[in-house]
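Owing to the predicted nature of the structure, the values given are computational and were not obtained by experimental measurement. Throughout, a chain's letter reflects where its sequence line sits, starting with A, and its residues are numbered from 1. The figures here come from the full heavy-atom set of this structure, side chains too, leaving out hydrogens, waters and symmetry mates.
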2 protein chains.
Amino acid sequence: MGRGRVQLKRIENKVNQQVTFSKRRSGLLKKAHEISVLCDADVGLIVFSTKGKLFEYATDSCMERILERYERCSYVERQLKAPALESPGSWNLEHAKIKARLEVMQRNQRHYMGDDLDSLSLKNLQNLEHQLDGSLKKLRSRKVCFV
Amino acid sequence: MGRGRVQLKRIENKVNQQVTFSKRRSGLLKKAHEISVLCDADVGLIVFSTKGKLFEYATDSCMERILERYERCSYVERQLKAPALESPGSWNLEHAKIKARLEVMQRNQRHYMGDDLDSLSLKNLQNLEHQLDGSLKKLRSRKVCFV
DNA sequence: AAATCTATGTATAAGGT
DNA sequence: TACCTTATACATAGATT
């Protein structure tokens, strides 16, 4: 693309990386939208920049719907892979969905409590640290109201 | 692209749609991977074909990680948007229980994120602060392992 | 840092096998 | 149906402003 060949490796120059990110991000979102419309596909695209900013595209602007569908889908797969451990009975889809969400939240919560950190990469840890720091700041400014 | 101009509308011919889907899907996945590597971005891409088949790409092949991060980022918004998924019908006890747990966790999570603090007493705030402080300590000692 | 400009590399729509 | 081929449209790297 463009005047130079591109090597598939991290762009070290921060400025170039940021420019390329911006250009390619818009291209990627556009193509996600195109395949969604042209091929009647359900698409969810989540992109976090290096600095942690979120960009997203979802068919019909409803990421929630896509993620629920994804969770249902991967939940079902998990069910098929590990059969008799779980539900023998007649579970409906709604239940599977809500159960999958609960599982995700439980894992999140353990992380918020500083547990199960072994499963997180350095980058994840940094994100979490940033989140917790922010929470503490908010909390402390709230405490002031009680003084 | 290719020999014809493309109009951004659903391809009605099923065969063409399927062919285009297959080509564009691989292109999209490739570009998702490229931006992930080149720009050190965290990318999650979910695509369901018309027929419901799932295709996905995630940085480091870990979609759950991306989705957790996404949930952390957009959780509060999603709560506000999707309040009443209530079903008045015949839910069994198991479902009711699991749903209640989810609600509790959702409220907790907002607190962990430093939101909805108005509903907490000073004592609760102090407990939460202590918890978050502890989490950060654990997290930072875990980070040391990466140095 | 953001917007615009082009030369060039890629993706892909049609068509062929 | 699925895989080649190729002409063309599109995306974008690097430069410029």
Side-chain angles (χ1 to χ4, degrees), chain A residues 1-61 63 66 70 73 77 123 126-127 130-131 133-134, chain B residues 1-61 63 66 69-70 73-74:
Chain A
M1 318 127 176
R3 303 191 174 178
R5 290 225 171 82
V6 81
Q7 277 196 74
L8 196 56
K9 55 172 283 199
R10 184 190 151 112
I11 297 170
E12 295 299 339
N13 180 306
K14 280 293 169 194
V15 174
N16 286 351
Q17 191 194 72
Q18 157 61 32
V19 171
T20 292
F21 178 72
S22 168
K23 288 178 176 179
R24 281 177 173 260
R25 170 170 41 83
S26 70
L28 190 61
L29 294 175
K30 183 180 173 193
K31 280 189 177 289
H33 178 58
E34 287 177 354
I35 197 175
S36 173
V37 173
L38 291 171
C39 306
D40 197 29
D42 232 8
V43 179
L45 173 60
I46 293 168
V47 183
F48 287 99
S49 73
T50 284
K51 287 185 283 186
K53 184 162 180 196
L54 170 65
F55 302 86
E56 61 185 296
Y57 169 81
T59 301
D60 300 328
S61 305
M63 185 64 81
I66 312 278
Y70 179 81
C73 204
E77 276 170 28
K123 188 141 198 177
Q126 286 166 339
N127 290 334
H130 183 256
Q131 174 67 62
D133 260 330
Chain B
M1 317 129 178
R3 303 192 173 178
R5 288 222 172 85
V6 82
Q7 277 195 73
L8 196 56
K9 55 172 283 199
R10 186 189 150 113
I11 297 169
E12 296 298 339
N13 180 307
K14 281 292 170 196
V15 174
N16 287 351
Q17 191 195 71
Q18 157 61 31
V19 171
T20 293
F21 178 73
S22 167
K23 288 178 177 179
R24 281 179 174 259
R25 170 171 41 84
S26 70
L28 190 62
L29 294 175
K30 183 179 174 192
K31 281 190 178 286
H33 178 58
E34 287 177 355
I35 197 174
S36 174
V37 172
L38 292 171
C39 306
D40 197 29
D42 234 6
V43 179
L45 173 60
I46 293 167
V47 183
F48 287 100
S49 74
T50 286
K51 287 184 282 185
K53 184 163 181 194
L54 170 65
F55 302 87
E56 62 185 297
Y57 169 81
T59 301
D60 301 329
S61 304
M63 184 64 81
I66 311 278
R69 190 172 175 188
Y70 180 80
C73 247
S74 69

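- Both A:V6 and A:Q18 lie near DNA chain C, and the one whose nearest nucleotide falls closer to the 5' end is A:Q18.
- Residues A:R25 and A:L29 are in side-chain contact: their nearest non-hydrogen atoms beyond the backbone lie under 4.5 Å apart.
- For B:K30 and C:dA11, the shortest distance from a side-chain N or O to OP1 or OP2 is below 4.0 Å.
- Proximity note for A:E34 (side chain, C-beta onward) versus D:dT12, D:dA11, C:dA11: the nearest is D:dA11.
- Remark: C1' of C:dG9 and CZ of A:R24 are 11 Å apart, rounded to the nearest angstrom.
- Under the 4.5 Å side-chain criterion, counting only non-hydrogen atoms from C-beta, A:I46 is not in contact with B:V43.
- The nearest whole Å value for the distance from the CD1 atom in A:I35 to the P atom in D:dA11 is 14 Å.
- Atom CD in A:Q17 sits about 13 Å away from atom P in D:dG14, given to the nearest Å.
- One interatomic measurement links the two molecules: CZ of B:F21 to C1' of C:dA14, which rounds to 20 Å at whole-angstrom precision.
- At a threshold of 4.5 Å between non-hydrogen side-chain atoms, the residues B:F21 and B:V47 count as touching.
- Summary of the strand contacts: A:S22 and A:R3 both lie near DNA chain C, and taking for each the nucleotide with the nearest heavy atom, the more 5' one is attributed to A:S22.
- Atom NZ in A:K14 sits about 16 Å away from atom P in C:dA2, given to the nearest Å.
- Between B:L8 atom CG and D:dC10 atom C1' the separation is 14 Å, expressed in whole Å.
- Going from atom CZ of A:R25 over to atom C1' of C:dA1 covers 13 Å, rounded to whole Å.
- Atom-to-atom, CG of B:L29 to C1' of C:dT10 comes out at 16 Å; the value is rounded to the nearest Å.
- Contact check, B:T20 against C:dA13: a side-chain N or O comes under 4.0 Å of OP1 or OP2.
- Dashed line: the shortest gap from a side-chain N or O of B:K31 to OP1 or OP2 of D:dT12 is under 4.0 Å.
- In terms of polar N and O atoms assigned as donor or acceptor, the side chain of B:R5 never comes within less than 3.5 Å of the base of D:dT8 in a complementary pairing.
- At least one donor-acceptor pair closer than 3.5 Å links the side chain of B:S36 to the backbone N or O of B:A41.
- The existence of a salt bridge linking A:K123 and B:D42 is excluded, since no basic side-chain nitrogen approaches an acidic carboxylate oxygen closer than 4.0 Å.
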